[in-house]
Amino acid sequence: MWLRCTSKCVFASLSRSYNNVLSRSFNIAAFMPEAAGFEGVSDRAALQEFSLSNSDHFWAAVARHRLTWISPFHTVQDCDLSRGRIKWFEGGKLNVSVNCLDRHVHTCPEKVALIWERDEPGSEVKVTYRSLLDMTCRLGNLLRRRGVKKGDCVTIYMPPCPLAVASMLACARIGAAHNVVFAGFSAEALAERIRDAQSSTVITVNQGVRGGRVIELKKTVDTAVEGCPSVKQVFVAMRTENPVVMTDRDVSMEEYVFSYHDGDVFGCVADIGWITGHSYSVYGPLANGGTTVLFESTPVYPNPGRYWEMVQRLRINQFYGAPTAIRLLLKYGDHWVHKYDCSTLKTLGSVGEPINTEAWEWYHRVVGDGRCPVVDTWWQTETGGICIAPRPSDPDAEIVPGMAMRPFFGMKPVLVDGEGKLLTSNNTSGPLCLAQPWPGMARTIHNNHQRFIETYCQPYPGYFFTGDGAHRSEEGYYQITGRLDDVINVSGHRLGTAEIEDVVNHCPAVAESAVIGYSHDVKGQAVYAFVVLKKEVGVPEEDLSQLLKDMVSKSIAKYACPDQIQFVQRLPKTRSGKIMRRVLRKVVEQDLGGLGDLSTLDDPAAVQEIVQGHQDLCSGERHSPLKVHAS
Ligand code: 6R9
């Protein structure tokens, strides 16, 4: 099973992209020392061109300069996208944990590596590179003593905390793969992932704490491992002081001591169970010797000022979050931001889904006080790191709200048509592919290489298919239009759900929306919009409904106009902010038995509300979608 929640093996983060993309100004020499050795490269455009036409030279320089190798590579790359053959740095050997820790312990042992922003505001814990290395080595030794060896896969089921990072790095250190399972997953979903990874070792905590609530993680592991005969041992760290039932299989881990030293602070608020947490909370910042924040809580605990109070308290310089949280906070009003001093912020990042213009502007104007660039970064689990983003670029280069815009160095996005032919002109849309391999890319699907080839390499031979659609503007900038499987076909007109959502979200009364297609016996599919309103709108829903329909008809076309608009309190979302459209589709199809695994939902009560609201809407409608849909 290919999951968007990452369970990939450790990969080396070869670029300083987290730093670069989120840096304010652009200066070739200061920003990329390797470029000094690249002939004829003096500006951003030349560097971009060099990174593609001299890709071996480019990546070899980056890899040699920024990583410590145990043995050097002899071949930079041997890739054939059409056959799914992806090999980078053959002959080379390195240890990612040495690159994330030991290198920095040699130069700046007391620099803060991690800031653990615990659930309770003001109770943060700072961990230096030296203590993180110490913790990692001890854990690595423990794992080794307990029989974990090179090639094994250890499942980590923990909330973001220093011990979780040390567990990831300890696995990498001893040559084991790690399978980080998002700690919001249910016992069943966890069991499936443990079986898939054939793990004999699981690392967890007694209990998690989130938004003031205690979550029984060890109990979930106990239930999960009942169905996993491969599991021989479960390591249990204490996140809270409450004892939990231990069995013969369980091994308790002690806490460690932390110390503090000032440093630059990178605040990526993603959970480590998702790829953004892997690349930009753990491997990217640590490989570059940065200080990174591990955020355990929620954006609204204890109140909607949490992020900004944290920015003030931890003096965060770069803030990297998801549009869904921005939209949520926007609803609560500007005063929650203005209460705090956010002047340390330099750059604001967004990832995970399209950021609508209103949210982008609020983020820029209110959070960034109009002075911090907002970078909408496009990438995916499969790419390992940021591929398209407005920065780095020349300092004054324009940033268009809600657009990822410019390819990162070494990345060659292309658009293709239905037959797989390259679309070369601007002002055009199509499936988004990547035309050249890059070191951080996925190379296979665990235990299913054929599926990897079919999903990513075969749809458009010679290109890596991302599954997303994009528009390339007149100026050559890229705008992601959404997953291609999120396309609705109304009477033969193909529509991206994101396109309709963007129009709906432009209405000042709307906080956010999710659009899906449902079967319609005349049009093939019809448009159904779920809309969350801002607080205290004071306009009757029928009027708003008509207004939104008119807006969509006018901005896109009449056929794009939603047949149904349902106003809801909140949308069903994963904790990483992805709207669970399959849940919305099942509700509209009235296939409640087919809702599937809901354990990644941030707030399961949202579904019940939506089901009820849908039934109310249908009972009030003569032509309900239920009548036309044959499930
Ligand atoms: C990093 C991450 C990947 C999918 C991706 C796309 C969507 C991510 C986006 C975006 C529009 C952006 N996505 N960033 N859509 N604008 N800036 O989220 O990885 O969980 O694998 O999801 O998320 O659809 O293909 P992952």
Side-chain angles (χ1 to χ4, degrees), residues 1-8 11 13 17-18 21-22 180-182 184-185 268-284 320-327 348-357 359-360 363 374-391 399-408 411 413 429 431-434 440-442 445 455-456 459 464-472 477-487 496-499 501-502 505 512 514 573-582 600 602:
M1 184 176 181
W2 178 243
L3 303 158
R4 299 208 72 77
C5 174
T6 181
S7 57
K8 282 200 313 188
F11 61 88
S13 170
S17 51
Y18 90 98
V21 170
L22 301 178
V180 184
V181 178
F182 173 53
F185 274 129
C268 169
V269 289
D271 192 285
I272 53 158
W274 306 98
I275 189 66
T276 307
H278 274 57
S279 298
Y280 294 97
S281 297
V282 180
Y283 288 110
Y320 196 21
T324 181
I326 304 303
R327 282 194 293 268
L348 302 170
S350 162
V351 61
E353 43 165 338
I355 178 161
N356 53 300
T357 321
W360 191 100
Y363 201 22
V374 171
V375 291
D376 175 10
T377 62
W378 176 85
W379 59 292
Q380 47 185 199
T381 302
E382 296 84 335
T383 69
I386 294 168
C387 299
I388 310 180
R391 293 285 191 262
I399 297 185
V400 182
M403 253 203 194
M405 298 180 77
R406 302 179 178 93
F408 189 63
M411 303 308 305
S429 301
L432 175 70
C433 295
L434 298 163
M441 70 189 295
I445 293 177
T455 312
Y456 303 106
F464 186 87
F465 177 48
T466 67
D468 284 339
H471 177 75
R472 189 169 49 228
Y477 299 145
Y478 288 87
Q479 173 152 40
I480 309 303
T481 47
R483 299 291 304 168
L484 286 171
D485 43 21
D486 283 343
V487 162
T497 54
E499 201 183 345
E501 285 161 13
D502 200 40
N505 294 344
E512 61 177 334
K573 287 191 189 161
T574 64
R575 279 202 220 161
S576 66
K578 302 266 190 296
I579 297 169
M580 292 178 78
R581 287 167 209 280
R582 91 180 144 76
T600 55
D602 190 32

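Atoms within each ligand, like the ligands themselves, are counted from 1 in listed order.
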Does an N or O from Thr466, backbone or side chain, lie closer than 3.5 Å to an N or O of ligand 1? no
May I ask whether Pro354 places a heavy atom under 4.0 Å from ligand 1? yes
What are the two closest non-hydrogen atoms of Leu484 and Pro431, and how far apart are they? CD1-CB, 3.7 Å
So do the side chains of Arg406 and Pro390 get within less than 4.5 Å of each other, counting heavy atoms only? yes
Contact check, side chains of Met405 and Arg391, non-hydrogen atoms, under 4.5 Å: no
What atoms in ligand 1 come closer than 4.0 Å to a heavy atom of Thr276? 1 (C)
Could you establish whether Trp274 and ligand 1 come within less than 4.0 Å of each other, counting only heavy atoms on the residue side? no
Decide whether an N or O pair under 3.5 Å exists between Gly352 and ligand 1. yes
Pick from Met403, Glu353, Lys578: the one approaching atom 18 (O) of ligand 1 most closely through a non-hydrogen atom: Lys578
Would you check whether Gly467 reaches within less than 4.0 Å of ligand 1, judged by its heavy atoms? no
Just which atoms of ligand 1 are under 4.0 Å from any heavy atom in Ile275? 1 (C), 2 (C), 19 (O)
Tell me, with the steps shown, if Thr377 and Tyr320 meet side chain to side chain donor-acceptor pair (under 3.5 Å). CA-CA 10 Å; Thr377 62; Tyr320 196 21; 2.6 Å; yes
Under 4.5 Å between any side-chain heavy atoms of Trp379 and Thr276, yes or no? yes
Mind checking whether Ile355 contacts ligand 1 via backbone (N, CA, C, O), side chain (CB onward), both or neither, at a 4.0 Å heavy-atom cut-off? neither
Below 4.5 Å, heavy atoms only, C-beta onward: do Ile388 and Met411 meet side chain to side chain? no
Should the pair Glu353-Lys573 be classified as a salt bridge under the 4.0 Å nitrogen-to-oxygen rule? no
Among Leu484, Val375, Asp468, Ile386, whose heavy atom sits nearest atom 6 (C) of ligand 1? Asp468
Which heavy-atom pair separates Leu432 from Thr466 by the least distance, and what is that distance? O-OG1, 2.7 Å
What part of Gln380, side chain, backbone, both or neither, has a heavy atom within less than 4.0 angstrom of ligand 1? both
Any atoms of ligand 1 less than 4.0 Å from a non-hydrogen atom of Arg483? List them with their elements. 24 (O), 25 (O)
Flag side-chain contact, heavy atom, 4.5 Å: Asp468 against Trp378: yes
Under 4.0 Å from a heavy atom of Ile480: which atoms of ligand 1 are those, numbered in the order shown and with their elements? 11 (C), 15 (N)
Counting only heavy atoms closer than 4.0 Å, does ligand 1 sit against the backbone of Thr381, its side chain, both, or neither? both
